[in-house]
Protein chains: 2
Amino acid sequence: MVVYAGQGDPRRSIELLWRGAAETRRPGSKPALSVDAIVDAAIAVADEQGLAFSMRAVGERLGRTAMALYTYVPGKNELVDLMYDRALAGLPGSYSLDEGWRAAVTRWAHDTWECYVRHPWVLQVSQARPVLGPHEFATTEALAAILVSTGLPGRRLRGIAGALHYFVRGAAQTVAEARAASGATGEADEEWWYARSAVLVELEPDLEKKYPMLHVLEHDREPADPELPYLENDAMENFRVGLRVLLDGVEAAVTQP
Amino acid sequence: MVVYAGQGDPRRSIELLWRGAAETRRPGSKPALSVDAIVDAAIAVADEQGLAFSMRAVGERLGRTAMALYTYVPGKNELVDLMYDRALAGLPGSYSLDEGWRAAVTRWAHDTWECYVRHPWVLQVSQARPVLGPHEFATTEALAAILVSTGLPGRRLRGIAGALHYFVRGAAQTVAEARAASGATGEADEEWWYARSAVLVELEPDLEKKYPMLHVLEHDREPADPELPYLENDAMENFRVGLRVLLDGVEAAVTQP
DNA sequence: CAATGATTCTTTATGGCGTAAAGTGTGAGG
DNA sequence: CCTCACACTTTACGCCATAAAGAATCATTG
C-alpha cells in the first residue's frame, strides 16, 4: 500500500542535500559508512522493491543493522529525499537549442522518461512540496530554459511545463508498473490478461455490446515489437503519439497569436 | 511509504466487482455487515488517510474488529479493487456531443479531475493492469466515445486518451498531495515554503543566478484566488492552461491531414 | 600513559501493520 | 433438539520504523 514519501525535517534534509555530511572528525570510532554509500545502497534496493524497501534491507546490503543507518540519516523520509535528488543527478542540466525548441523538449522528455523507468519509486515521491535538492533544480531549469526560448508568456509556460511533466510521469509510470507487476508475480502480461478476461467473459458475456467504443479504440494497431511485453509496447506507442500531440499544441500556441 | 495496491485474486475480485456478494442464506448467524458497507467505510477512511489506511480502522468504523472484514472480502488488495471501482461510480457513462468533441472532453476532464481530488488514493492504484470493474469500463467508454467522434485513427486516439489520462491524473495528484501535506502536518503552504526557502537561501545564497530560467518562469502570474491555498491556486491555473494546450494539439490533428 | 567522553554500531523493545489459526456464540435445517 | 455452517473475536506471527540503552572504539586531555 502507499503513503507519500519524503518530507522530512526541512533543515536536516536541505543541509544534507546541499552541503553533504558535515565532517567534524574528533573523538570516537571512525565511520565505516557514509551518507553517499547509504543513498547508493538504498537506491539499489528501491529499484528492485520500490519505496516499500525496508531500512533492514538497506543495512543488510551494507553489512550493518538497520539502526546503523540512523547515525547518518535522520530517518527513512529524509533518506528518500536524498535518494530522489540523487536519482535525478544523471539528467542533463541544459539542452542545445540548435535544432529548435521542439527537438530539445523531445530529448528532455525521453531522458526524463528513461530516468523514471529506471527508478520508478521516484514517481511516488510527492510533487506538491518538492524536495528542493540541487539536481531537481537543475532539471527543472533545463526544461525552463527550453520553454522560455519559445517566447510564450510565463503563465502559458507553467501550464505547458506541468502538462509535460504529468505526461512523462504518467507514461513512465505505466511502463514501470507493468514491469513491476510481471516481475512481482512472475506472470507475463498475456497470462494475466488471459486469466482476467476469461473470468470476465464468463460473468459478463456481452461486454463488446455494452462498451462498443472501447473496442473501436483498439483498431489500427501498429505491428508490435515482439521483443517487448504486450503492455510495454502499448505504452511506448502511446508515449510517442501523445508527445507529438502535446507538442503540436505547444506549436499552435507559438505560431499563432 | 508505498506499494502498488490492488491486484488481488482475479476470480474473487472480478466476481465481487460484477456480481456482487453471493446470497446463499442457509444456516448460521445473520451477517450484520455487507461488502457494500465495508467498501463505503473503507472509502471514507481512505479519503482521510490514503491507501495506507488500516483494516483495523475500517473495522472500527463499523463497530467490528479488523478480522470481521475477512468474512466478506478476501484481503486488503481485493478491498482496494472494490473501492477503486466504487469511487469511479459517480462519473458519467457518456457525454453529449452537441457542442462538439472539445466541449465534451473538457467536461470529461473536469469530472474526472474532481473525482480524483475527492478520492486521491485512486491515483495510487496501479494503472498498468487495470482493475476491470464495471465503472472503470464505463468511464473509459465515455472518453472513447467522445474521441472516436473526431474521426481520427485508433492509434492516434489511444495516444491522445493516454495523454489526457496522464494529464488529469497528474494535475489532480498535485492538488491532492498539497492538501494531504498541509492536512497531515497542519502546516500551510506558505509556512512550509518559508521554512524551506529560509534554510535554502542561507545555504545557497545565489540560487537566482544559478537557475535564472526558473525565475523567468515565475513571471506573469494570474491574480490568485485568495480563498485557495498557494499551491492549489497554482495547480488550478496549470490545469486550465495545460488542458487548453493539449486540446489545441488534438485540434491540430483533427483539422489538418 | 591512563582516563574521559564523543562517536559508531548493536541489542533490545515498543507499537504499528496484514492476516493465519483457533475459539465462541448464533440460529436455520434436519 | 441437535447439528453444524456461519459471523465474529481472540490470539499470535512475522513484518515494519525507530526509540532507548549498551558495547566497542579512539582522539583528546590531565
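The sequence lines fix the lettering, A, B, ..., with proteins before strands; numbering per chain opens at 1.
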Trainee: Is the backbone of Glu136(B) close enough, under 3.5 Å, to the side chain of Asp85(B) for a donor and an acceptor to pair up by distance?
Mentor: yes
Trainee: Rounded to the Å, how far apart are Arg64(A) CZ and dT25(D) C1'?
Mentor: 13 Å
Trainee: Rounded to whole Å, please give me the gap between OH in Tyr70(A) and C1' in dT7(C).
Mentor: 19 Å
Trainee: Just the rounded figure in Å: distance from P of dC16(D) to CD of Gln49(A).
Mentor: 9 Å
Trainee: Toward the 5' end of DNA chain C, which comes first, Ala66(A) or Met55(B), by nearest nucleotide?
Mentor: Ala66(A)
Trainee: What is the distance, rounded to the nearest whole Å, between atom CD of Glu60(B) and atom C1' of dG16(C)?
Mentor: 13 Å
Trainee: Got a donor-acceptor contact below 3.5 angstrom from the Ser54(A) side chain to the Ala57(A) backbone?
Mentor: yes
Trainee: With distance as the sole test, does Glu78(B) use its side chain to make a donor-acceptor pair with the main-chain N or O of Val73(B) at under 3.5 Å?
Mentor: no
Trainee: Please compare Met67(A) and Arg56(A) by the position of their nearest nucleotide in DNA chain D and report the one closer to 5'.
Mentor: Arg56(A)
Trainee: With the side chain of Ser29(A) defined as its heavy atoms from C-beta on, choose the nearest nucleotide among dT25(D), dC8(D), dC9(C).
Mentor: dT25(D)
Trainee: May I have the distance from Lys30(B) (atom NZ) to dA5(D) (atom C1'), rounded to whole angstrom?
Mentor: 15 Å
Trainee: dT18(D) C1' sits how many Å from Leu79(A) CG, rounded?
Mentor: 14 Å
Trainee: Can you tell me which nucleotide in dA17(D), dT19(C), dT10(C) comes closest to the side chain of Ser54(A)?
Mentor: dA17(D)
Trainee: Once you round it to whole Å, what is the distance between P of dG16(C) and CZ of Phe53(B)?
Mentor: 18 Å
Trainee: Taking 4.0 Å as the cut-off, does a side-chain nitrogen or oxygen of Thr65(B) come that near to OP1 or OP2 on dC8(D)?
Mentor: no
Trainee: Do Arg169(B)'s NZ or CZ and the ring of Tyr166(A) fall within the cation-pi criteria of under 6.0 Å and 45°?
Mentor: no
Trainee: Using atom CG of Leu69(B) as one end and atom P of dC17(C) as the other, report the distance to the nearest whole Å.
Mentor: 13 Å
